[in-house]
Amino acid sequence: QVQLVESGGGLVQAGGSLRLSCAASGRDISSKIMAWFRQAPGKERTFVAGIWPKTGSEYYADSVKGRFTISKNNAENTMYLQMNGLKPEDTALYYCAVDENSYFSGVQYTDRVYEYWGQGTQATVSS
């Protein structure tokens, strides 16, 4: 079992920044694919960013490329999402997730394959 706890959300003005954290416990996450998803009110949960430990590659949704950066600190068993240049449309509940089965195939953009999820942290961007 993996337990995930997100933090770092809040209310910021457009153009501002937030840094989300996802603290993992229960298992070593260094070899696991991890990702961030988000869900806005009335909308489906969508992929934001993911990191593939096999290659160290990072993957981003087109809507956040150039503004968001995903990273992992394996020593701290923690994943981060640095969000810069925030826009009102980035307002959502942000979740971190772990996929234990796709190590050799890469980051998956569908939430169906991720086995473990945090409770989410709310990011609200005012205009």
Side-chain angles (χ1 to χ4, degrees):
Q1 287 281 343
V2 178
Q3 292 79 43
L4 303 171
V5 178
E6 302 97 334
S7 61
L11 172 64
V12 295
Q13 291 187 333
S17 299
L18 285 173
R19 188 190 193 210
L20 306 185
S21 300
C22 173
S25 61
R27 289 205 192 149
D28 178 7
I29 63 167
S30 60
S31 62
K32 301 190 188 304
I33 287 176
M34 295 188 71
W36 289 95
F37 286 78
R38 67 185 181 186
Q39 186 168 24
K43 295 188 176 181
E44 294 185 350
R45 187 162 55 187
T46 58
F47 176 85
V48 176
I51 190 163
W52 191 13
K54 184 175 182 289
T55 63
S57 300
E58 301 166 13
Y59 300 84
Y60 297 94
D62 289 342
S63 59
V64 307
K65 280 181 183 175
R67 299 188 297 124
F68 290 11
T69 303
I70 189 172
S71 62
K72 278 175 70 179
N73 184 325
N74 291 327
E76 295 180 353
N77 233 30
T78 302
M79 177 177 69
Y80 301 96
L81 184 68
Q82 179 66 44
M83 307 191 294
N84 298 328
L86 284 162
K87 305 175 181 179
E89 51 264 43
D90 295 318
T91 294
L93 189 60
Y94 284 75
Y95 299 91
C96 64
V98 168
D99 173 7
E100 292 198 302
N101 298 312
S102 302
Y103 179 83
F104 292 102
S105 54
V107 173
Q108 306 298 309
Y109 284 38
T110 173
D111 62 358
R112 293 192 300 270
V113 305
Y114 290 81
E115 296 89 0
Y116 300 104
W117 293 85
Q119 81 290 348
T121 185
Q122 178 69 36
T124 303
V125 185
S126 62
S127 58

- Query: Between Met34 and Cys22, which heavy-atom pair has the shortest distance, and what is it?
  - Reply: CE-SG, 4.1 Å

- Short side-chain donor-acceptor distance under 3.5 Å, Gln82 and Tyr80: no

- Message: Could you tell me if the side chain of Asp99 sits less than 4.5 Å from the side chain of Gln108, heavy atoms only?
- Response: yes

- Query: With a 4.5 Å heavy-atom cut-off, do Ile70 and Tyr60 have their side chains touching?
  - Reply: yes

- Item | Ile51 side chain near Ile33 side chain, heavy-atom distance below 4.5 Å | no

- Task: With sequence neighbours excluded, tell me which residues meet side-chain hydrogen bond (donor to acceptor under 3.5 Å, both in side chains) with Ser71.
- Result: none

- Minimum heavy-atom separation for Tyr94 to Met83, with atom names? CE2-SD, 3.8 Å

- Query: Any side-chain heavy atom of Tyr116 sitting closer than 4.5 Å to one from Glu100?
  - Reply: yes

- Task: Would you indicate whether the side-chain heavy atoms of Val5 and Gln119 approach each other to under 4.5 Å?
- Result: yes

- Message: Holding to ring pair (Phe, Tyr, Trp, His ring centres under 6.0 Å), I want the full list of residues that pass it with Phe47, two or more places apart in sequence or in another chain.
- Response: Phe37, Tyr109

- Message: Once rounded to the nearest 0.5 Å, what's the spacing between atom OG of Ser63 and atom CD of Glu89?
- Response: 8.5 Å

- Message: A side-chain contact here means heavy atoms from C-beta on lying under 4.5 Å apart; do Met79 and Trp36 qualify?
- Response: yes

- Item | Single-linkage hydrophobic cluster, 4.5 Å side-chain cutoff, Val107 and Val48 together | no

- Taking NZ, NE, NH1 and NH2 as the nitrogens, is one of them in Lys87 or Asp90 under 4.0 Å from a carboxylate oxygen of the other? no

Could you pull out all donor-acceptor pairs under 3.5 Å where a side-chain atom in residues 11-20 meets a protein atom, sequence neighbours excluded?
from: Ser17; atom 1: OG; to: Asn84; atom 2: OD1; distance (Å): 2.9

- Indicate yes or no: at least one non-hydrogen side-chain atom of Cys96 is less than 4.5 angstrom from one of Trp117. no

- Message: Is the positively charged end of Arg38 above the ring of Tyr95, judged by distance under 6.0 angstrom from the centroid and angle within 45° of the axis?
- Response: no

